[in-house]
*Asks:* 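Please find one structure pasted underneath; my questions will follow.
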Amino acid sequence: MSLPVFPSRKVKWNSVKTPDFNTTSVILGRGRRKSITNRAYPKWTIDVQFTGLKQHEYEEIIGFLCNVGGGSFLWLDHEDNRQINAVIAQGNGTAKKFQMIRTWGVNNVFYEPVTDIISETLRVYVNEQYVNNYTLGENGILTFNTPPKGIIRADFMYYWRVALDDSVDFTAVYRNFYETGSLKFITV
């Protein structure tokens, strides 16, 4: 079952994305702090607002949110939705399945799985050569027909899998002209 996609709209520039690692910290006897994260990948909170909504856009967003209720849906973040030349894995010539990932930081110091790839945007390379002998399965699993040997890279766009964290307020600014309060999405 595929998840519904949130209707695409222009977002205020002050949208905020916050990672939460659920960190536990203690202060040791000599005053040093010791911390440990309780999850391997952050849970993200994405806080967005919409302005300048016309009547039909306002109704579309309300209808969408009421339809999904508290359930999951796909969000195409307007700024954070693509990886270019991302290193996915080092193929060893025996493994055929690889999890799609996105990387963060200089020299790709952190990565996290990406599950909802926009398949028509996916281009895969092995040792800098374009290949098409693969299938993209559920949850972002890339499966090659023959095991690749070498560096696997990809260009792709992706959705964030989210749910509405709380309620949302809509304000009628003028007749048939609306804006939202904060919509908080959490990754699921």
Side-chain angles (χ1 to χ4, degrees), residues 1-9 11 15-23 37-48 50 60-61 64-92 94-126 130-148 150-166 168 182-188:
M1 176 181 88
S2 63
L3 295 172
V5 177
F6 190 90
S8 180
R9 295 286 170 253
V11 178
S15 60
V16 176
K17 194 174 291 122
T18 308
D20 175 17
F21 284 94
N22 189 13
T23 305
T37 59
N38 297 314
R39 55 173 74 105
Y41 304 108
K43 177 174 284 217
W44 292 89
T45 300
I46 303 168
D47 189 343
V48 298
F50 296 95
E60 183 181 24
I61 291 173
F64 180 86
L65 293 174
C66 289
N67 186 47
V68 297
S72 299
F73 57 92
L74 300 177
W75 165 254
L76 183 64
D77 191 282
H78 293 271
E79 301 227 342
D80 187 359
N81 63 20
R82 133 182 2 252
Q83 289 281 287
I84 303 296
N85 203 28
V87 175
I88 304 301
Q90 171 73 43
N92 61 9
T94 57
K96 292 171 82 172
K97 293 186 178 196
F98 301 90
Q99 174 67 56
M100 295 295 291
I101 60 172
R102 66 180 182 163
T103 56
W104 295 92
V106 177
N107 298 321
N108 304 321
V109 295
F110 182 77
Y111 71 90
E112 62 185 321
V114 178
T115 57
D116 298 290
I117 308 297
I118 302 173
S119 60
E120 55 272 12
T121 68
L122 179 61
R123 293 192 51 89
V124 177
Y125 306 88
V126 176
Y130 171 73
V131 297
N132 60 5
N133 63 335
Y134 62 84
T135 56
L136 179 64
E138 285 191 37
N139 296 317
I141 302 296
L142 188 66
T143 303
F144 286 88
N145 299 339
T146 56
I151 297 174
I152 303 165
R153 295 179 180 268
D155 303 332
F156 58 93
M157 291 180 66
Y158 57 89
Y159 293 109
W160 291 71
R161 187 179 297 196
V162 299
L164 184 63
D165 188 36
D166 206 348
V168 60
S182 174
L183 276 91
K184 288 189 179 176
F185 304 143
I186 55 168
T187 54
V188 291

*Asks:* Could you measure the distance from the CG atom of Asn132 to the CZ atom of Phe144? Nearest 0.5 Å is fine.
*Replies:*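 Here the interatomic distance stands at 10.5 Å.
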*Asks:* Asp155 and Tyr130: side-chain donor and acceptor closer than 3.5 Å?
*Replies:*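 Absent: no donor and acceptor within the cut-off.
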*Asks:* Looking only at heavy atoms, which two atoms of Pro147 and Lys96 are closest? And how far apart?
*Replies:*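 Heavy-atom minimum between the residues: CG-CG, 3.5 Å.
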*Asks:* Please name the pair of heavy atoms, one in Ala86 and one in Phe156, separated by the smallest distance, quoted to 0.1 Å.
*Replies:*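 Residues Ala86 and Phe156, closest heavy atoms: CB-CE2, 4.4 Å.
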*Asks:* Arg123 and Tyr134: which non-hydrogen atoms are nearest, and at how many Å?
*Replies:*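 Where Arg123 meets Tyr134 most closely, the heavy atoms are CA-OH, 4.4 Å.
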*Asks:* Distance from Ile101 atom CD1 to Thr103 atom OG1, nearest 0.5 Å?
*Replies:*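 The CD1 atom of Ile101 sits 6.5 Å away from the OG1 atom of Thr103.
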*Asks:* Find the distance between CG (Leu122) and CG (Leu142) and round it off to the nearest 0.5 Å.
*Replies:*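 CG of Leu142 is found 6.5 Å from CG of Leu122.
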*Asks:* If we ignore hydrogens and angles and just use 3.5 Å, is the side chain of Trp75 paired with the main-chain N or O of Ala163 as donor and acceptor?
*Replies:*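 Looks like no, no N/O pair under 3.5 Å.
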*Asks:* Is the cationic atom of Arg39 (NZ for Lys, CZ for Arg) positioned less than 6.0 Å from the six-membered ring centroid of Trp44 and within 45 degrees of its normal?
*Replies:*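 Here Arg39 fails the 6.0 Å and 45° test against Trp44.
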*Asks:* Between Phe110 and Tyr41, is any pair of side-chain heavy atoms under 4.5 Å apart?
*Replies:*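 They are in side-chain contact.
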*Asks:* Has Gln99 got a side-chain atom pairing as donor or acceptor with Val114's backbone, closer than 3.5 angstrom?
*Replies:*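 Yes, Gln99 side chain to Val114 backbone: donor-acceptor pair under 3.5 Å.
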*Asks:* So, taking the atom named OG in Ser2 and the one named CG in Asp116, what distance separates them when rounded to the nearest 0.5 Å?
*Replies:*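 Spacing of OG (Ser2) from CG (Asp116) equals 10.0 Å.
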*Asks:* Using the rule given for side chain to side chain contact (heavy atoms under 4.5 Å, CB included), can you reason through Arg153 versus Ile88, listing the C-alpha separation, both sets of side-chain angles and the distance that settles it, and then say yes or no?
*Replies:* CA-CA 5 Å; Arg153 295 179 180 268; Ile88 304 301; 5.8 Å; no
*Asks:* Are Asp20 and Pro42 side-chain neighbours, meaning at least one heavy-atom pair lies under 4.5 Å?
*Replies:*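 Not touching, per the 4.5 Å side-chain cut-off.
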*Asks:* Which pair of heavy atoms, one from Gln90 and one from Ile151, lies closest together, and at what distance?
*Replies:*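 Nearest heavy atoms, Gln90 then Ile151: OE1-CG1, 3.2 Å.
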*Asks:* Closest approach of Thr121 and Met157, non-hydrogen atoms and distance?
*Replies:*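 Closest approach of Thr121 to Met157, heavy atoms only: OG1-N, 2.8 Å.
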*Asks:* Say you draw a straight line from CG of Leu74 to CZ of Arg161; how long is it, rounded to the nearest 0.5 Å?
*Replies:*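 With rounding to 0.5 Å, CG (Leu74) is 6.5 Å from CZ (Arg161).
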*Asks:* How about OH on Tyr111, more than 12 heavy atoms from neighbouring residues, nucleotides or ligands closer than 6.0 Å, or not?
*Replies:*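 Count not over threshold, so no.
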*Asks:* Taking atom types as modelled, is there a side-chain donor on Arg82 or Tyr158 under 3.5 Å from an acceptor on the other?
*Replies:*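 No, Tyr158 and Arg82 have no side-chain donor paired with an acceptor closer than 3.5 Å.
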*Asks:* Do Asn67 and Pro4 have side chains that approach each other closer than 4.5 Å (heavy atoms only, starting at C-beta)?
*Replies:*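 Asn67 does not reach Pro4 side chain to side chain.
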*Asks:* How about Tyr159 and Phe185: are their ring centroids closer than 6.0 Å?
*Replies:*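 Centroid separation for Tyr159 and Phe185: 6.0 Å or greater.
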*Asks:* Could you tell me if the side chain of Thr45 sits less than 4.5 Å from the side chain of Lys17, heavy atoms only?
*Replies:*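 They are not in side-chain contact.
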*Asks:* Under 3.5 Å, is there a donor on one side chain and an acceptor on the other for Asn133 and Thr146?
*Replies:*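 Thr146 and Asn133 do have a side-chain donor-acceptor pair below 3.5 Å.
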*Asks:* Quick check for you: to the nearest 0.5 Å, what is the distance between Asp165 atom CG and Ser182 atom OG?
*Replies:*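 OG of Ser182 is found 9.5 Å from CG of Asp165.
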*Asks:* What's the shortest heavy-atom distance between Ala40 and Phe21, and which atoms?
*Replies:*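 Nearest heavy atoms, Ala40 then Phe21: O-CE2, 4.3 Å.
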